[in-house]
Number of protein chains: 2
Amino acid sequence: MAESTVLIVDDESAIRDMVTVALEVAGYRCLQAENARDAHALIIDEKPDLVLLDWMMPETSGLELLRRLRRDELTAKLPVIMLTAKAEEDNMIQGLNSGADDYMSKPFSPRELIARIKSALRRQKAVNQEEPIQLDGLLFDPISHHVSIHDKALSMGPTEFRLLSFFLSHQDRVYSRDQILDHVWGGNVYMDERTVDVHIRRLRKALSIDGHERFIQTVRGAGYRFSQKLVAD
Amino acid sequence: MAESTVLIVDDESAIRDMVTVALEVAGYRCLQAENARDAHALIIDEKPDLVLLDWMMPETSGLELLRRLRRDELTAKLPVIMLTAKAEEDNMIQGLNSGADDYMSKPFSPRELIARIKSALRRQKAVNQEEPIQLDGLLFDPISHHVSIHDKALSMGPTEFRLLSFFLSHQDRVYSRDQILDHVWGGNVYMDERTVDVHIRRLRKALSIDGHERFIQTVRGAGYRFSQKLVAD
DNA sequence: CGACAGCGTGACAATTATATGACATTAGTG
DNA sequence: CACTAATGTCATATAATTGTCACGCTGTCG
């Protein structure tokens, strides 16, 4: 499982560092920003999985940044946890109404912070979950993690499952091994492109019915394509 | 939509009355209790939808009552919001660890209180299970706490019982260890995910007939799934 | 027709995930 | 207070998965 990246936005470096240490121990990658402008740039650039956002900051406030994020389609669903001092608790309502996913009052315990981050990330994942997909005898259910062809259950490893999931939502289009690595293995992985071949092979095998394979076509020199149609190319 | 009932537990009548007024204005039905014993009785008797629980009370403390509620399957899922004085804030962590859904520091604004109650009730919206469940030889009675397979009574601990209860109302769906922790151990719990494995094991054992296990499938890299069907995965 | 690059295939060892049994601690019970 | 059951964590055992490789096949192009 790829580690998640968390962006910490706070004008006090002591807070940033404290949180960074706690999160890194817990296995998260951390980014820091000390104002809303830097934060926004980092969000666009580094695409963190979650943002910890301080309420009170010089210049643009955390609330204002939150509103901007929510207005932009690309960042509308980015999980944001607001950090507030005790005295500002009244404002939390406003924060939650503006689209924060959660909030925490300072001071907070690292354990609680981790728990909330986990929880927020998980909810986010759930949002991206899809409906069962059915095509040409193939049934793919991301909820139950069930894959079957003509009611016959198929068995495959987690990577093949993700690969199939990717293909199903990107049909009829050729993807290079690089692109597939990016999408299925997530982010910047240093890995042999040929590994994709092997997993394609495994997926093909898993999807095959009595030795007859379908769905995945090789496009020589370019990559692979998933297609319902039996294309003679 | 039927109005929700909120039980307010606090030894100071001034607080109880203030909160009662605020909640009734907002359209909630209110019950009051001035100590843990009365509160417990009211919870059993009136089955409120949510409890506002003061931390510091004479005799049994709010925390102790909370723990008792969480231990009993019947009240394990009842939303509880802890009320604490500012000076006790350190204890909140402990409160959250014991299964409170949220907490509020006195003095609090009615607005915020309403918002949190709404939020907690919304989260709760899930299951309120009363009917016995029967499937494929397995009989699960949430009222008598009886579980049997083909009329043969099974024995399991409270945690396994809750786990089974959760699975029965969430069949054919994969849940991560984290999610299972949240649902079965109650919200804000910080515990080793592997504990789930152990309890899965215990439940499997309890549900097994002459060494043959069913119902619970492992989904590698994802979590566990409860399914009536015997799926070759 | 070579020669070569791209791809398929099976095997394999390292890695990772899960299962299991044991144990110390704590909660429940009378 | 003593006793029993239940719980959570570990250490270890087992199993599945993963990435890489070597080798063989196939189409391509001069």
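Computed from heavy atoms alone, side chains included, the values below leave out hydrogens, waters and symmetry copies. Chain naming here is simple, since letters A, B, ... match the order of the sequence lines and numbering starts at 1 in each.
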(message) Could you tell me how far apart A:Phe161 (CZ) and D:dT18 (C1') are, to the nearest whole angstrom?
(response) 18 Å
(request) Flag the pair B:Arg194 and B:Asp197 as a salt bridge only when some basic side-chain nitrogen lies within less than 4.0 angstrom of an acidic carboxylate oxygen. (result) no
(request) Answer with yes or no whether B:Arg220 presents, from its side chain, a donor or acceptor under 3.5 Å of a partner atom in the base of C:dA17. (result) yes
(request) Measure the distance from CG on A:Leu207 to P on C:dG8 and round it to the nearest whole Å. (result) 15 Å
(request) Hey, which sits more toward the 5' end of DNA chain D by its nearest nucleotide, B:Thr195 or A:Gly157? (result) B:Thr195
(message) Under 4.0 Å, counting only non-hydrogen atoms across every strand here, what does A:Glu193 touch: a base, just sugar-phosphate, or nothing?
(response) nothing
(request) Please work out whether the ring planes of A:Phe167 and A:Phe226 are parallel, tilted or perpendicular, with thresholds of 30° and 60°. (result) parallel
(message) How long is the straight-line distance from NE2 of B:His170 back to OH of B:Tyr175, given to the nearest 0.5 Å?
(response) 4.5 Å
(request) Nearest whole angstrom, please: distance from the C1' of C:dA22 to the CZ of B:Arg201. (result) 12 Å
(request) Would you kindly give the NE2-to-C1' distance between B:His199 and D:dC10, to the nearest whole Å? (result) 14 Å
(request) Starting at atom CD of A:Glu213, determine the distance to atom C1' of C:dC7, rounded to an integer number of angstrom. (result) 13 Å
(request) Kindly say whether B:Leu168 contributes a backbone atom to a donor-acceptor pair with the side chain of B:Gln171 at under 3.5 angstrom? (result) yes
(request) Start with the C-alpha distance between A:Asp136 and A:Arg214, add both sets of side-chain angles, then the distance that settles salt bridge (Lys or Arg N to Asp or Glu O under 4.0 Å), and finish with yes or no. (result) CA-CA 11 Å; A:Asp136 195 20; A:Arg214 277 192 308 169; 2.7 Å; yes
(request) Answer with yes or no whether A:Arg177 presents, from its side chain, a donor or acceptor under 3.5 Å of a partner atom in the base of C:dG6. (result) no
(message) Check the phosphate of C:dT18 against B:Thr218, side-chain N and O only, distance under 4.0 Å to OP1 or OP2. Yes or no?
(response) no
(request) Consider the side chain of A:Asp192, meaning its heavy atoms from C-beta on, and name the nucleotide among D:dT7, D:dT20, D:dT18 that approaches it most closely. (result) D:dT20
(message) Can you see if the side chain of A:Thr159 gets near the phosphate of D:dT18 - specifically, an N or O under 4.0 Å from OP1 or OP2?
(response) yes
(request) Return the value, rounded to whole Å, for the distance between atom CG of A:Asp197 and atom C1' of D:dC25. (result) 14 Å
(request) May I ask you to verify if any side-chain N or O of A:Tyr224 is less than 4.0 angstrom from the OP1 or OP2 atom of C:dG8? (result) yes
(message) Quick check for you: among D:dC21, D:dG8, D:dA22, whose closest atom lies nearest to any side-chain atom of A:Arg194?
(response) D:dA22
(request) Check whether the side chain of B:Arg202 and the base of D:dG8 form a donor-acceptor pair under 3.5 Å. (result) yes
(message) Is B:Trp185 close enough to D:dT7 that one of its side-chain N or O atoms is under 4.0 Å from OP1 or OP2 there?
(response) no
